[in-house]
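Working notes for the structure below.
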Amino acid sequence: MEYFNCGKIQYEGSSSKNPLAFKHYNPTEKIGGKTMKDHLRFAGAYWHVMRNELADPFGQGTAQMPWDDKSDSVENAIARVDVFFEFLDKMGIEFYCFHDRDISPELNDLAASSAALDQVVAKLKEKQAETGVKLLWGTACLFAHPRYAQGAATSPDASVYAYAAAQVKKAIEVTNELDGLGYTFWGGREGYSTLLNTNMKRELDHLAAFMHMAVDHAKSIGFDGPFYIEPKPREPSTHQYDSDSAACLNFLREYNLLDHFKLNIETNHATLAGHTVEHDLTVAANANALGSIDANTGDTLIGWDTDQFPTDIYMTTQIMLVVLKMGGFTTGGLNFDAKRRRESHEPIDLMHAHIGGMDAFARGLKIAHAIQEDGRMAQFVEERYSSFDQDIGAKIEAGTASFAELEQLALANGEPTLASGRQEMLENLINEFI
Ligand code: XLS
Ligand code: NI
Ligand code: NI
């Protein structure tokens, strides 16, 4: 039984008018010695592809899911796996990500939920072996159930904390069972609504203890993939502790976790934090902690996490410039944490959505690579800082200069002549390649 009314999506080149074809993403084409698929490492998000009914705060779901009987049964969960792999196969997407409760139902008690999870995981393992598809990362849903309304690892209630720990323990185990390359923490409820009822310090201490236990457990079962923290400033909580790259890095350093964690940066989360995505990516990359990317985009006119598919080539170019500069992904990739609009309710719309995202990133990759090869941009930046390459600049960088020495120099040199930053020239340079 097939549910997506199309064959395998093929690369047809930029002159193709076929909406169900790639115009730019040519998986085996080499860009700078590496295939596009190895550069981009696209992943499908189980929660959006299989479980997102496309509801909004004012209306119920519109998505047609003819394969889904809407029950909480394990059979239904297992049946979805085949549909998901049909989707991945037709898209040529070789990685995926999930939450425990996307792939398998939350039942009446933890033991039953975990037993159901094992059954679905066995099916996923079978499909992975059959297709070669890999799990980019797994995670636990610690935000949907009412028990987590006041947080999971930052809940004021230790029994909720324990429940969350049990869920994460199991989720790490199944991620390991599926040879997952990483494990993500996104702290949807790890924050607060009001400080009036919140002991922020204790909550952060608890969160760090939780993550140390996760690291220890991973070690004990032989899971060596990195953990990721996915920053987001707010929504669903009013203030989330993992608000942006800088806040996450500070938390990880303060609590001695930086050896085990990297960041998973989501475009729309960065913009909700008041940054550009390239800002948050660069902050992470500077700390050697850029692990993976949740590829999506927001709407400039709406202030929430609209999780739209990325189509803006300027943005994908900026993202790929950072990724190429750090030498590419190792364990991470580009996970489409993105959903169709509520109006796009047919299964085939999933294809259109992902084709657009994949083509936009293919173009971003090609443009970023061309800019890198051209070298003018990098050279400009290098020259801009060249006064730090020798003499007093080099001493400053080496940490051997003193204020007294700098004062002498300033007195002797007189007023500095500053060179132009040439922002417009560099913007023109990017457009030259787009
Ligand atoms: C929600 C987050 C979530 C994480 C995984 O805004 O992006 O989907 O990626 O829990
Ligand atoms: Ni995400
Ligand atoms: Ni999000």
Side-chain angles (χ1 to χ4, degrees), residues 41-57 95-104 106 135-145 148 151-154 164 167-168 171-172 174-175 180-191 207 210-211 214 225-245 248 261-275 277 280-281 284 290-299 302-310 319 332-341 353 357:
R41 293 166 64 87
F42 290 125
Y46 205 96
W47 55 101
H48 285 308
V49 175
M50 295 316 297
R51 306 307 308 279
N52 200 324
E53 294 174 357
L54 307 181
D56 71 15
F95 296 91
Y96 71 109
C97 301
F98 65 69
H99 302 84
D100 51 357
R101 302 307 182 229
D102 310 326
I103 55 173
S104 165
E106 171 124 25
L135 178 62
L136 191 71
W137 49 259
T139 186
C141 177
L142 304 179
F143 45 88
H145 194 280
Y148 298 126
T154 61
Q167 220 184 301
V168 169
I172 296 171
V174 304
T175 297
L181 296 165
Y183 183 92
T184 293
F185 284 96
W186 168 63
R189 306 277 170 191
E190 312 296 21
L207 182 61
F210 195 93
M211 288 177 174
F227 286 104
Y228 303 121
I229 291 190
E230 184 178 322
K232 183 172 179 178
R234 67 189 70 81
E235 199 217 353
S237 54
T238 308
H239 178 95
Q240 274 179 225
Y241 295 131
D242 56 9
S243 54
D244 64 1
S245 280
C248 287
F261 279 79
K262 291 187 168 206
L263 301 187
N264 177 38
I265 305 297
E266 179 165 319
T267 321
N268 200 180
H269 297 181
T271 49
L272 288 173
H275 305 308
V277 62
D280 252 24
L281 290 171
L290 174 52
S292 203
I293 293 178
D294 269 9
N296 64 15
T297 194
D299 184 311
I302 304 177
W304 74 78
D305 196 12
T306 54
D307 280 347
Q308 286 167 240
F309 277 85
I319 292 175
L334 288 166
N335 170 45
F336 285 114
D337 195 350
K339 60 179 187 242
R340 296 162 285 161
R341 296 309 86 192

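Atoms within a ligand are numbered from 1 in the order they appear, just like the ligands themselves.
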**Report entry** Of the N, O or S atoms in Glu230, the one nearest the Ni ion (ligand 2)
**Finding:** OE2
**Report entry** Short N or O distance, His269 and ligand 1, threshold 3.5 Å exclusive
**Finding:** yes
Report summary line: Going by the 4.0 angstrom heavy-atom rule, the piece of Glu235 near ligand 1 is neither
Query raised in the report: In terms of atom number and element, which parts of ligand 1 are under 4.0 angstrom from non-hydrogen atoms of Asp305?
Result: 6 (O)
Report task. Fit a plane to each ring of Phe336 and Phe42, take the angle between them on a 0 to 90° scale, and name the class: parallel (under 30°), tilted (30 to 60°) or perpendicular (over 60°). Result -> parallel
Query - Parallel, tilted or perpendicular: ring planes of Phe143 versus His99, cut at 30 and 60 degrees - result: perpendicular
**Report entry** Minimum-distance protein heavy atom relative to atom 8 (O) of ligand 1
**Finding:** Asp337 OD2, 2.9 Å
Query raised in the report: Of the backbone and side-chain N, O or S atoms of Asp305, does one lie nearer to the Ni ion (ligand 3) than 2.8 Å?
Result: yes
Report task. Measure from the Ni ion (ligand 2) to every N/O/S atom of Glu266 and report the name of the nearest one. Result -> OE1
Requested in this report: Return yes if a side-chain donor-acceptor contact under 3.5 Å exists between Asp307 and Asn296, otherwise no.
Outcome: yes
Query raised in the report: Glu230 heavy atoms, cut-off 4.0 Å: which ligand 1 atoms fall inside?
Result: 2 (C), 3 (C), 4 (C), 5 (C), 7 (O), 9 (O)
Query - Closest approach to the Ni ion (ligand 2) by Asp337, given as the N, O or S atom name - result: OD2
**Report entry** Residue pair Asp242 / Trp186, side-chain donor-acceptor N/O under 3.5 Å
**Finding:** no
Report task. Check whether the side chains of Thr297 and Gln308 place a donor and an acceptor atom closer than 3.5 Å, and report yes or no. Result -> no
**Report entry** Metal site the Ni ion (ligand 3): N/O/S of Asp294 inside 2.8 Å
**Finding:** no
Query raised in the report: In terms of the angle between their ring planes, are Tyr96 and Phe98 parallel, tilted or perpendicular, with boundaries placed at 30° and 60°?
Result: tilted
Report task. State, yes or no, whether a side-chain contact exists between His269 and Asp280 at a heavy-atom distance under 4.5 Å. Result -> no
Requested in this report: Would you mind running through ligand 1 and noting each atom that sits below 4.0 Å from a heavy atom of His99?
Outcome: 5 (C), 10 (O)
Query raised in the report: Is a side-chain donor or acceptor of Asn268 paired with a backbone partner of Thr306 at a separation under 3.5 angstrom?
Result: yes
Query raised in the report: Of the backbone atoms (N, CA, C, O) and the side-chain heavy atoms from C-beta on, which set of Asp294 has a member under 4.0 Å from an atom of ligand 1: side chain, backbone, both, or neither?
Result: side chain
